[in-house]
Amino acid sequence: MNPLSGRVAGTVLTVTPNPALDETYQVRKVTPGSTHRVRPPLARAGGKGLNSARVIHQLGYPALAVAPLGGPAGEACRTELASAGVPHRLVEASAPTRRSMAFVDEENGLTSIFNEMGFPLRPEEWKDLFQVLEHEVPQAACVVGAGSLPPEAPTDFFARLVRLSDRAGLPCIIDTSGAALLEAAAAGAFVLKPNREELLEATQCPDTAAGADMLLAAGAQNVLVSNGAEGMLLFSAGTPGTCLAATLGRSLPGNPTGAGDAAVAALAVLLASGERDPEPLLRAATAWSAAAVLMPAAGEISPRYAEFAGQVHIRHITRGEIRTQEGTT
């Protein structure tokens with residue numbers, strides 16, 4: 001089932017300031033403190049924005065991925081992106097691109113992830129990156145800024161991206177953490193997409209509803225909070241006191257590494273096509289996220305996303321109900 005019902009999506013521009021060469025290892029069983037013999041990993045260009053662009057491209061919608069790359073891992077990312085056919089525009093970086101390793105325990109279905117922090121970009125490289133964005137953003141239909149920032153990065157990077165998108169009249173989705181999440185909220189991001197842990201860490205609020213309210217009060221228009229198998233909550237500035245809760249109603253075995261990136265991809269595709277109704281946005285995000293869990297690596301989703309879309313249950317709940325479910329007061 002095509003979520004756009006015949007509509008054509010405009011280009012989704014994704015920005016990944018701290019990309020990584022993602023290596024995914026399938027391990028029969030992970031035993032701490034022991035030696036493991038593993039097959040060669042599945043290696044691909046990764047980082048949240050690149051993963052979202054890959055999903056969008058997989059499903060046949062237009063995407064353009066922007067990221068700085070450098071060193072041997074960066075060259076491997078360039079080669080892989082070209083081979084995969086994901087449209088991209090890359091900025092040359094002097095710092096080596098980091099690596100990210102995921103170990104999928106096939107016996108218990110759990111995935112352990114080891115992310116390098118990355119290396120600082122030079123001031124002139126940040127300038128080069130923004131020059132690319134100033135050229136590409138006005139040609140897009142939706143903008144995504146996603147992932148962590150490398151050390152010594154300007155914390156207002158995503159906020160600047162939000163303001164650049166706003167000047168072009170475009171919705172901007174930001175999926176990040178820490179101070180950068182707060183700055184993106186203050187800049188007026190159309191959607192912020194933290195998971196529950198990222199939300200509580202950034203806001204220091206005691207519960208999910210309070211944290212989302214803080215981001216909305218700061219200026220964000222919508223806050224989509226993911227919480228693993230428990231589903232997603234969508235808070236909107238226009239509906240204070242209530243939010244939308246979505247769940248598939250069951251957990252799925254697999255690798256959840258790219259689930260959030262697939263949710264962002266779903267939001268971006270619909271927003272790029274003019275959709276603004278919260279319920280279809282939340283339904284697609286939940287279904288695509290679930291379908292990503294079934295795949296071996298981040299950046300792709302199972303064709304069952306269409307099936308899952310019909311199974312997602314959405315309901316309106318109050319802030320009080322959320323606090324009761326979380327056991328907070």
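Fair warning: this is a prediction, and the values are worked out from it, not measured in the lab.
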Distance, nearest 0.5 Å, that separates CZ of R283 from CG of L244
10.5 Å

Taking the six-membered ring for Trp, are F103 and Y25 parallel (under 30°), tilted (30 to 60°) or perpendicular (over 60°)?
parallel

Are any of the side-chain nitrogens in R122 or E152 under 4.0 Å away from the carboxylate oxygens of its partner?
no

Is there a donor-acceptor contact under 3.5 Å from the side chain of H57 to the main chain of G85?
yes

T79 backbone acceptor or donor facing S83 side chain under 3.5 Å:
no

For the residue pair T97 and C77, what are the closest heavy atoms and their distance?
CG2-SG, 4.5 Å

Is it true that R99 and E23 have a side-chain N and a carboxylate O under 4.0 angstrom from each other?
yes

If you look at every heavy atom in L50 and A65, which pair is closest and at what distance?
CD2-CB, 3.5 Å

For the backbone of G147 and the side chain of T176, can you confirm whether one donor and one acceptor N or O come within less than 3.5 Å of each other?
yes

Run the salt-bridge test on R315 and E321 with the 4.0 Å N-O cut-off and return the result as yes or no.
yes

Flag the pair W288 / F308 as yes when their ring centroid distance falls below 6.0 Å, and as no otherwise.
no

Run E125 and S94 through side chain to side chain donor-acceptor pair (under 3.5 Å) and show every step you take.
CA-CA 8 Å; E125 292 166 347; S94 56; 2.9 Å; yes

Without hydrogens or angle criteria, can the side chains of D261 and S52 be said to hold a donor-acceptor pair below 3.5 Å?
no

Linked, directly or transitively: V104 and V38 (ILVMFWY side chains, under 4.5 Å)
no

Search all heavy atoms of L270 against all heavy atoms of P280 and return the closest pair with its distance.
CD2-O, 3.7 Å

If two hydrophobic side chains count as joined below 4.5 Å and joins carry through other members, does V143 share a cluster with F130?
yes

Ion pair check, R54 and E300, cut-off under 4.0 Å:
no

Judged by atom type as modelled, is there a donor-acceptor pair below 3.5 Å linking the side chain of S236 to the main-chain atoms of G238?
no

If the threshold is 4.0 Å, N to carboxylate O, is there a salt bridge linking E307 and R304?
yes

What distance separates I56 CD1 from T14 OG1, expressed to the nearest 0.5 Å?
7.0 Å

The reported gap from CD in Q204 to CG in L199 (rounded to nearest 0.5 angstrom) is 10.5 Å

What heavy-atom pair brings G254 and T111 nearest, and what distance separates the two atoms?
O-OG1, 4.3 Å

Among side-chain atoms of S226 and N195, is any donor-acceptor pair under 3.5 angstrom?
no

Using a 6.0 Å cut-off, check whether atom CZ of R276 has over 12 heavy atoms from anything other than its own residue.
yes

Within this structure, what is the OG1-CG distance for the pair T203 and L181, rounded to the nearest 0.5 Å?
8.5 Å

For T16 and P19 the tightest heavy-atom approach is O-CD, 3.4 Å

Transitive ILVMFWY side-chain link I174 to L64, under 4.5 Å:
yes

Point-to-point distance, once rounded to the nearest 0.5 Å, from CG of L233 to CG of L224:
8.5 Å

Quick check: does any side chain N or O of N227 sit under 3.5 Å from a backbone N or O of E230, one acting as donor and the other as acceptor?
no

Hydrophobic clusters here meaning ILVMFWY residues chained together by side-chain heavy-atom distances under 4.5 Å, can you tell me if W126 and V137 are in one?
yes

Looking at CG of N115 and OG of S148, how far apart are the two atoms once the value is rounded to the nearest 0.5 Å?
7.5 Å

Non-hydrogen atoms of G188 and V162 that approach each other most closely
C-CG1, 3.8 Å

Any ion pair linking R167 and E134 (charged N to carboxylate O, less than 4.0 Å)?
no

Determine, using the 4.5 Å side-chain heavy-atom cutoff (strictly less than), whether V144 and V86 are members of one ILVMFWY cluster.
no

